[in-house]
Every structure is written in C-alpha cells, then in structure tokens.
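A, B, ... follow the sequence lines: proteins, then strands. Residue 1 opens every chain.
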Amino acid sequence: MPNIAQENDFFSKVYDVVRLIPYGKVTSYGAIANYLGAKRSARMVGWAMNASHHLEHKIPAHRVVNRQGLLTGKAFFGTGNEMANLLIEENISFDKDLIKITGLENHFWDPMLALAL
DNA sequence: CCGGTGACTCTAT
DNA sequence: TATAGAGCCACCG
C-alpha cells in the first residue's frame, strides 16, 4: 500500500497520485480528481499538470490523459510526439495518429481502486 | 478581494 | 456520431 504524503495543497496531492501511476499504465484527470474527493474538478488536475512542468519534481505527466485516452496535453510536451513516444515505450498502444490510446481499458489505472480508498 | 483562466467531463441538442 | 454549453474550483495578479 503506497503512502500518500499528507500534503495540504491540492496540487501536491495530485502530484503524489501521478507519481504512483505504475509503468505501462495511465489514468485520467477525472479519476485523480475523483480520488481526491473533487470528482467535478478534473480541470484542477490538468492545471496542476501544467504547473508541474515548472517544477523540479519529476512528474510522469505523460501517463495522465483525458477520459477518452486522448493526449490533450501532448502540445505541452513541446515538439513532436514526445508524449506519445514515452507511452509507446511503456507498451501503450496508440492509434495511427499517435494522439489517442487504443484499448484504454487495458492500460487504465484507477487510483480509486489501486489505492483502495 | 475579485475575476480570468484552464492538460476536464457530463448533458443536451 | 458530432458539437455546444455549463459546471467545476484552485491559483495568480
């Protein structure tokens, strides 16, 4: 059972959960928000990810996609298909456009279940 | 303190 | 199957 640091900041909680995403797995903004008790606040999770770029802490933000498995944040990884490439290296299957995960259910990691709230 | 902003998601048309 | 609108709420200036 992983231990989530008792962070008071919403962002920090988000980061904690994202860091716990296992290799080869992905989750959604909404799932994280839901786990944190703010299921309608997926936007905040996305925003935290945006801010994470500015941090020194490494966050596997590429493992966080939207509910459809769409790489809505790929542009934030700068050039090319870096985000998709990172995921492909983790055996995540993509469609030909390298923008959407196929068989998302196979790769989905739900913090609510995995962390057995 | 107030309001704009957003890497989302759900619902209705 | 698409598109559009509304709700959501922490952060920053």
Pick out the pairs of N or O atoms, protein on one side and nucleotides 5-9 of chain C on the other, that lie under 3.5 Å.
| from | atom 1 | to | atom 2 | distance (Å) |
| --- | --- | --- | --- | --- |
| C/dG7 | O6 | A/R43 | NE | 3.2 |
| C/dG7 | O6 | A/R43 | NH2 | 2.4 |
| C/dG7 | N1 | A/R43 | NE | 3.2 |
| C/dC8 | O2 | A/R43 | NE | 3.3 |

- Query: Between A/A48 and A/V14, which heavy-atom pair has the shortest distance, and what is it?
  - Reply: CB-CG1, 3.9 Å
- Message: With a 4.5 Å cut-off on side-chain heavy-atom distances among I, L, V, M, F, W and Y, is there a chain of contacts connecting A/V18 to A/V65?
- Response: no
- Query: When the distance from CG of A/L87 to P of B/dA7 is rounded to whole Å, what number comes out?
  - Reply: 18 Å
- Message: For A/A31 versus A/P111, what's the shortest heavy-atom pair and its separation?
- Response: O-CG, 3.8 Å
- Item | Separation of B/dA7 P from A/M83 CE (nearest whole Å) | 12 Å
- Query: Which residue pairs satisfy the side chain to side chain donor-acceptor pair (under 3.5 Å) criterion with at least one member in residues 24-33 of chain A, sequence neighbours excluded?
  - Reply: none
- Message: Once ring pair (Phe, Tyr, Trp, His ring centres under 6.0 Å) is applied, what residue pairs with a partner in residues 81-100 of chain A remain, sequence neighbours excluded?
- Response: none
- Name every residue in residues 22-33 of chain A that has at least one heavy atom under 4.0 Å from any atom of DNA chain B, in order of residue number, or write none if there are no such residues. A/S28, A/Y29, A/G30
- Message: In this structure, would A/Y35 and A/F108 fall into the same cluster of hydrophobic residues linked by side-chain contacts under 4.5 Å?
- Response: no
- Message: The test is salt bridge (charged side-chain N to carboxylate O under 4.0 Å, His left out); show your working for A/R19 and A/D16 and say whether it passes.
- Response: CA-CA 5 Å; A/R19 285 197 212 96; A/D16 285 338; 2.8 Å; yes
- For DNA chain B, which residues in residues 45-76 of chain A have a heavy atom at a distance below 4.0 Å? A/G46, A/W47, A/M49, A/N50, A/H53, A/A61, A/N66, A/R67, A/T72, A/G73, A/F76
- Message: Can you pull out the residues from residues 98-106 of chain A that lie within a 4.0 Å heavy-atom distance of DNA chain B?
- Response: none
- Remaining members of the apolar cluster that contains A/Y23, side-chain heavy atoms under 4.5 Å: none
- Message: Taking salt bridge (charged side-chain N to carboxylate O under 4.0 Å, His left out) as the cut-off, I'd like each qualifying pair that reaches into residues 96-110 of chain A, sequence neighbours left out, listed once.
- Response: none
- Message: Going by salt bridge (charged side-chain N to carboxylate O under 4.0 Å, His left out), name the pairs with one or both residues in residues 53-70 of chain A, residues two or more places apart or in two chains.
- Response: A/R63-A/E90
- Message: The criterion is side chain to side chain donor-acceptor pair (under 3.5 Å); which residues satisfy it with A/T102, sequence neighbours excluded?
- Response: A/S93
Please output the side-chain donor-acceptor pairs of residues 73-88 of chain A that fall under 3.5 Å, not counting sequence neighbours, one pair per line with the distance.
| from | atom 1 | to | atom 2 | distance (Å) |
| --- | --- | --- | --- | --- |
| A/K74 | NZ | A/N81 | OD1 | 2.7 |
| A/N85 | ND2 | A/N81 | O | 3.2 |

- Which residues pass the side chain to side chain donor-acceptor pair (under 3.5 Å) test with A/D95, sequence neighbours left out? none
